[in-house]
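Heads up: the structure comes next, in structure tokens.
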Amino acid sequence: MYVRTGRLYATVAAGGFRRYATYRTATAAGVFTNTVFGFILAYTYIALWDERPGLGGYDQADALTFVWISQGLLAVASVLGGGFEDELMDRIRTGDIAVDLYRPADLQLWWLAGDLGRAAFQLLGRGVVPMAVGALCFTLTLPADPLTWLAFLLAVLLGTVVSFAIRFVVALSAFWLMDGAGVAQIAFLAGVFFSGMLLPLAVFPGTLGEIARALPWSAMIQVPADVFLGKSTGTDLLGAYAFQAGWALVLLLAGRLLQGAATRRVVVQGG
């Protein structure tokens, strides 16, 4: 039974990968946009770090590396949207979600598998090229130890699960709000500001920085970037993973509770 279930979700994940692989023009446009935005941020960072060397504990090479990592992970973590959440909210609005809830498959795991497939494609399709361009044009801090790359990929995976869990909760809000666009917009803005997309959270001052680094959005870009840059090693690396896994667990559980409440709501209305 468990083997069949595993195969089901593996098939869903593979389908998510193939689905996004068909959008070649959109992928090329995304690569171009991420690369151009990466150059804009890179030269902004150069000016900032020339004035403030060592800002946030990063040297200029670290800061530039952070730029290109963030650009490579934007689509992977769906910081700007573009994942499953719009489709799920639309199915809730139209009532098609009732069919999904009666399927012999778990709703949360189904969408998680599909989103992991999407993220895997985005990492290859929109992550590698901007990072390669950045490495060719700027002096970056690239790990020499293959284990650091593996540690980075694990952090990316955990960050993607956290991102999914946030967006799943946001999407399910449409059961009660009928239109989750407002909640999605708030989550989108929080992701832009608190993920590290625009600026490393380590440079945020005082209490704001502490709060920003404690929020789940930091698991999407900030934590993987610090792992890549070697800022998190040994017990710090385990702490970074525990932080990501903890938020993933809490948010997935919240999504599970909302899913149960939504299922009861559909059953009552259907009855």
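Model, not experiment: these values are computed from the prediction.
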Testing Leu154, Thr160, Leu158 for side-chain contact (heavy atoms from CB on, under 4.5 Å) with Val156, which one passes?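 The passing option is Thr160.
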Candidate pair Tyr58 and Leu229, rule side chain to side chain contact (heavy atoms under 4.5 Å, CB included), full reasoning: CA-CA 9 Å; Tyr58 297 92; Leu229 291 169; 3.6 Å; yes
Taking [X] for its side chain and [Y] for its backbone only, find out whether a donor-acceptor pair lies under 3.5 Å.
{"X": "Thr22", "Y": "Arg19", "value": "yes"}
{"X": "Arg126", "Y": "Leu74", "value": "no"}
{"X": "Gln259", "Y": "Gln108", "value": "yes"}
{"X": "Ser163", "Y": "Gly159", "value": "no"}

Could you point out which residue of Tyr20, Phe17, Tyr23 forms a ring-ring contact (aromatic ring centres under 6.0 Å, His included) with Phe121?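 So, applying the ring-ring contact (aromatic ring centres under 6.0 Å, His included) to Phe121 and each of Tyr20, Phe17, Tyr23, only Phe17 qualifies.
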So how far is it from Gln244 CD to Leu249 CG, rounded to the nearest 0.5 Å?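 Nearest 0.5 Å value for the CD-CG distance: 13.5 Å.
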Fit a plane to each ring of Phe164 and Phe84, take the angle between them on a 0 to 90° scale, and name the class: parallel (under 30°), tilted (30 to 60°) or perpendicular (over 60°).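 Tilted: the ring planes of Phe164 and Phe84 meet at 30° to 60°.
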Can you confirm if the aromatic rings of Phe138 and Phe39 lie within a centre distance of less than 6.0 Å?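 So the answer is yes for these two rings.
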Mind checking whether Phe193 and Phe204 have ring centres under 6.0 Å apart?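 Yes; Phe204 has its ring centre under 6.0 Å from that of Phe193.
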Would you say that Phe152 contacts Pro143 through its side chain, given a criterion of any heavy-atom pair below 4.5 Å between the two side chains?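 Counting from C-beta outward, Phe152 and Pro143 never come under 4.5 Å.
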